[in-house]
There are 2 protein chains.
Amino acid sequence: VIEVKDLKKTYRLGSVDVPALNGVSFSVEEGEFVAIMGPSGSGKSTLMNLIGCLDRPTGGSYILDGTDASRLSDAARAGIRNRKIGFVFQSFNLLPKLSAFKNIMLPMMYSGERKDVNAVKHALEAVGLTKRSHHTPMQLSGGEQQRVAIARALVNDPPILFGDEPTGNLDTATGAEIMAIFQKLNSEGKTVIIITHEPEIAQHCKRILRFRDGLLESDELVEEQ
Amino acid sequence: VIEVKDLKKTYRLGSVDVPALNGVSFSVEEGEFVAIMGPSGSGKSTLMNLIGCLDRPTGGSYILDGTDASRLSDAARAGIRNRKIGFVFQSFNLLPKLSAFKNIMLPMMYSGERKDVNAVKHALEAVGLTKRSHHTPMQLSGGEQQRVAIARALVNDPPILFGDEPTGNLDTATGAEIMAIFQKLNSEGKTVIIITHEPEIAQHCKRILRFRDGLLESDELVEEQ
Ligand SMILES: Nc1ncnc2c1ncn2[C@@H]1O[C@H](COP(=O)(O)OP(=O)(O)OP(=O)(O)O)[C@@H](O)[C@H]1O
Ligand SMILES: Nc1ncnc2c1ncn2[C@@H]1O[C@H](COP(=O)(O)OP(=O)(O)OP(=O)(O)O)[C@@H](O)[C@H]1O
Ligand SMILES: [Mg+2]
Ligand SMILES: [Mg+2]
């Protein structure tokens, strides 16, 4: 479902070039459960923003479900993204003035589907936040905001789920609950790719892509426990 | 240096009360190295905001260095905070328009001390970000932003250092480098208190306060490894 060939991303900062991704190639089949790991600054979020259709590469190609996503217009990419991908951002990206409930409902309003209040309640319950549904982000703890971001990515039941450090602010028990949600969705056939810096979280996945300095250092299957 | 007695914090949300801290008592001596752990939403950040003089309790008392900080005016609390405390926020709280360099310099401007460019360079180098000093927060990875927030907390060489999940976005190796900085400052006599959800990080500390539902569940020394 995802095919990346020699993908590159260089950020331009004034007159300086900042190479973040220096030619990465791999593919992910439908229904895989992949972890992306690597040091801080090694290009993980940059890669996920590219394969999540949030940004354009500066070199190489990216085929999503048979379509060359790297050459699409912004509007076409946004359309694909809203229909196919659920995205949990590293910095949550919640709208500060909306309640948890309304933040989770947002993807339905973007994709033009009817507002399914039960789907929002179900997503809130899945991440353990029924009692915080009327709080705005500032009225939530760090880990609660993160869980709202996870619920928002799940609510439209997308076939592909990307999470950028989805358990970074969660204690071990709550993090395990979130990984159980991802594992359940994967067992239903969803393709799940998560960035994590925690080895225990990566062990819930079936394959680990390790990055270093904008390059893919290794691509290995997780041994059966 | 820190004495907390029956400390309480209830947030008011419209007509609803949200009890975040329900009567917590403990003390920390000068030069201790303490970890605060507990489930997401258990009141850790609320506690750290109170003992970091960023917010007022709704009950109980808090004595910092012999002064009753719970009864001070906002201006007096800000004065104590700028002189005595370095604070690493869970959400970094960097100013989006300023470069990493200028964000780190900020505490010097607040406390009225002279701008020591070498201290800023030294702090950038300590967290491994010399090459990113002109990037603004949006031009930095999640873990790099977190390291700028850490450098900013260290630059004024405060006697007390608070970190709220300071390694939440850092890979294991970079997280260990940051904990080495905290350990070095503690060995020089600084009081260090960090909130973490990672047991490996808490093992670098000497004592663990565990919270649950706004109460202190346990207070134990870390066994010597
Ligand atoms: N401004 C606020 N208004 C209302 N409720 C709040 C506010 N800030 C926090 N809360 C609530 O108080 C409780 C404790 O929040 P706190 O941020 O202290 O938790 P935490 O232990 O730091 O959690 P995490 O590990 O997820 O960061 C949470 O359930 C949260 O929803
Ligand atoms: N908009 C930007 N402009 C310039 N440089 C950028 C920009 N965004 C990221 N970078 C740089 O590109 C490099 C890779 O960033 P990226 O966010 O992909 O790293 P990461 O692996 O996700 O790191 P972390 O684990 O800390 O989140 C970093 O060194 C960062 O400074
Ligand atoms: Mg990142
Ligand atoms: Mg918190």
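Looking at His134(B) and Leu13(A), their side chains never come closer than 4.5 Å, going by heavy atoms from C-beta outward. With a 4.5 Å cut-off on side-chain heavy atoms, Val18(A) and Gln139(B) do not count as touching. At least one side-chain heavy atom of Gln90(B) sits under 4.5 Å from a side-chain heavy atom of Asn169(A).
For chain A, the nearby part of Thr167(B) is the backbone; its heavy atoms alone come within less than 4.5 Å. At a 4.5 Å heavy-atom cutoff, the contact between Glu144(A) and chain B is made by backbone and side-chain atoms alike. There is no contact between Gln146(B) and chain A, counting heavy-atom distances below 4.5 Å. Using a 4.5 Å cut-off between heavy atoms, Thr174(B) contacts chain A through its side chain alone, with no backbone atom that close. Both the backbone and the side chain of Ser40(A) come within less than 4.5 Å of a heavy atom in chain B.
More than 12 heavy atoms of other residues, nucleotides or ligands sit less than 6.0 Å from atom CG of Asp6(A). Other residues, nucleotides and ligands contribute at most 12 non-hydrogen atoms within 6.0 Å of the NZ atom of Lys121(B). Shown here is Glu125(B), whose CD atom has no more than 12 heavy atoms of other residues, nucleotides or ligands within 6.0 Å. For Asn93(B), the CG atom is densely surrounded, since the number of other residues' heavy atoms within 6.0 Å is greater than 12. Summarising the local packing, NZ of Lys84(A) is surrounded by more than 12 heavy atoms from other residues, nucleotides or ligands at distances under 6.0 Å.
In this structure, His197(B) NE2 and Glu198(A) CD are separated by 4.0 Å, a value rounded to the nearest 0.5 Å. Rounding to the nearest 0.5 Å places CE of Met37(B) at 6.0 Å from OG1 of Thr172(A).
Per-residue counts of heavy-atom pairs under 4.5 Å with chain A were compared for His135(B), Glu165(B), Lys44(B); the largest is that of His135(B). For chain A, the option among Ala20(B), Pro39(B), Gly128(B), Gly14(B) with the highest count of heavy-atom pairs below 4.5 Å is Pro39(B). Counting heavy-atom pairs under 4.5 Å between each of Gly38(A), Gly168(A), Ser45(A) and chain B puts Gly168(A) at the top.
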